[in-house]
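A short write-up of the structure that comes next.
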Amino acid sequence: MTSTHTTSNDRIPLAWLGLWAVLLGGGLVAARTLADPQGATLGTVGRLGSSIVLVTMGVVAWKQVSPSNQRYALLIAIGMFLGTIGDFFNANQLKFVPLKDPTLGAIIAFGIGHIVYMSGLLMLLNRHMPLRPKALVGSVLFWQLFALAGWYVVVYQAPQDSPLMWPALGYTLLLAGTAGLATAAACHQPPLWPLALGAALFLISDLILAVGLFRGSFPYRSEAVWLTYGPGQMLIVVSTWLVDRWRK
């Protein structure tokens with residue numbers, strides 16, 4: 001049964017959102033304005049701290065939502081945790097893991113995380129929504145084509161070949177799968193549009209990151225990545241409460 005009643009337990013925790021915004025924004029500002037190594041250190045702490053806050057929010061949501069939505073909430077929390085592991089790889093903070101390129105570790109962690117995200121979205125679509133095949137197929141196909149075009153322009157046509165070229169294709173299409181399923185969910189239930197926007201922002205952040213990796217850095221690259229990736233992850237996590245409000 002659908003419920004629109006909101007209790008104190010299913011309110012999105014604005015204090016946690018405020019802390020996330022302060023850590024992310026403060027980290028980006030510190031990295032841009034303070035001299036190294038202080039700026040680099042504070043920037044890393046702020047960015048990684050913001051991801052840890054989102055993991056915490058995911059766990060809080062899992063504990064708060066109604067029993068019928070706890071499995072979905074758990075999958076989102078696990079996906080966010082794996083995304084944070086990917087952030088630590090990208091920041092080169094997991095040097096004890098024997099990888100020649102930490103970016104490969106990030107791709108693996110994010111990729112598994114998105115498989116978990118998609119598992120939750122498929123469960124959501126199968127259990128709670130009267131499936132509309134055209135909306136589902138159209139949403140998935142649109143984002144797959146978008147991702148393929150982005151990979152072709154940014155990675156495949158890069159000036160130099162890279163051993164990460166083909167892993168990047170699989171990873172990008174995987175992210176597009178999440179965006180497609182999230183868009184399908186929003187097509188079925190418009191109140192879930194923040195979920196679709198979050199998944200789309202995540203995919204866009206990946207393409208921005210790929211520009212720097214395969215074509216060289218550019219001004220405000222870090223800000224461009226994190227101001228799409230961070231809000232994208234936040235919207236995916238916050239969607240847990242939105243799902244619970246829509247379907248008890």
Side-chain angles (χ1 to χ4, degrees), residues 2-33 42-88 91 110 113-114 116-117 120-121 124 128 178-179 182-183 185-186 188-205 222-248:
T2 301
S3 173
T4 58
H5 177 65
T6 301
T7 66
S8 60
N9 283 336
D10 63 12
R11 290 175 184 164
I12 299 170
L14 296 181
W16 283 105
L17 280 178
L19 178 59
W20 164 79
V22 168
L23 286 170
L24 178 58
L28 293 175
V29 170
R32 177 61 57 181
T33 60
L42 289 177
T44 299
V45 169
R47 292 189 297 266
L48 295 181
S50 70
S51 292
I52 293 172
V53 168
L54 291 182
V55 174
T56 304
M57 287 180 63
V59 174
V60 170
W62 172 50
K63 292 292 186 179
Q64 286 185 350
V65 298
S66 57
S68 62
N69 291 316
Q70 283 188 331
R71 186 178 176 186
Y72 172 80
L74 178 60
L75 290 171
I76 294 299
I78 292 172
M80 185 62 229
F81 172 75
L82 289 166
T84 300
I85 297 298
D87 293 336
F88 273 80
F110 283 123
H114 275 266
V116 175
Y117 280 154
L121 289 167
L124 188 66
H128 296 313
T178 302
T183 300
H188 286 79
Q189 292 295 332
L192 299 183
W193 69 264
L195 173 61
L197 177 59
L201 285 173
F202 197 122
L203 175 59
I204 291 169
S205 74
S222 181
E223 289 86 348
V225 170
W226 275 90
L227 290 177
T228 47
Y229 165 75
Q233 287 279 61
M234 180 272 291
L235 289 171
I236 292 173
V237 172
V238 166
S239 74
T240 305
W241 282 281
L242 300 178
V243 167
D244 199 49
R245 290 180 179 185
W246 160 66
R247 176 70 70 172
K248 291 289 188 182

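Positions are given from 1 along the sequence. This structure is a prediction, so every number in the text was calculated from the model and none was measured.
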request  = Rounded to the nearest 0.5 Å, what's the gap from CG on L24 to CD on E223? Could you check?
outcome  = 10.0 Å
key: Heavy-atom side-chain contact between S222 and L28 under 4.5 Å   = yes
message = Are the side chains of Y72 and T240 in contact, using a 4.5 Å heavy-atom criterion?
response = yes
message = Quick check: do F202 and T178 have side-chain heavy atoms less than 4.5 Å from each other?
response = no
ask   = Is there a donor-acceptor pair under 3.5 Å between the side chain of D244 and the backbone N or O of S66?
value = yes
task = Would you check if Q233 and I236 make a side-chain contact, meaning some heavy-atom pair closer than 4.5 Å?
result = yes
inquiry  = Just verifying a value: how many Å separate M234 CE and M80 CE, rounded to the nearest 0.5 Å?
reply    = 11.0 Å
inquiry  = Would you say that Y117 contacts F110 through its side chain, given a criterion of any heavy-atom pair below 4.5 Å between the two side chains?
reply    = no
request  = Would you check if L195 and V238 make a side-chain contact, meaning some heavy-atom pair closer than 4.5 Å?
outcome  = no
ask   = How long is the span from the CG atom in L235 to the CH2 atom in W193, to the nearest 0.5 Å?
value = 7.0 Å
task = Calculate, to the nearest 0.5 Å, the distance between atoms CG and CG belonging to N69 and L242 respectively.
result = 11.5 Å
query = Is there a side-chain contact between W226 and S205 (heavy atoms, below 4.5 Å)?
reply = no
Solution key, residues 43-60 side-chain donor-acceptor pairs under 3.5 Å, sequence neighbours excluded:
from: T44; atom 1: OG1; to: A40; atom 2: O; distance (Å): 3.0
from: S50; atom 1: OG; to: R47; atom 2: O; distance (Å): 2.6
from: S51; atom 1: OG; to: D87; atom 2: OD2; distance (Å): 2.6
from: T56; atom 1: OG1; to: I52; atom 2: O; distance (Å): 3.1

request  = Provide the closest heavy-atom pair for L42 versus A30 in the form atom of the first, atom of the second, distance.
outcome  = CB-CB, 3.8 Å
Residue from V65, L192, I76 passing side chain to side chain contact (heavy atoms under 4.5 Å, CB included) with V243 = L192
request  = Work out which heavy atom in A196 is nearest to a heavy atom in A186; give both atom names and the distance.
outcome  = CB-CB, 3.9 Å
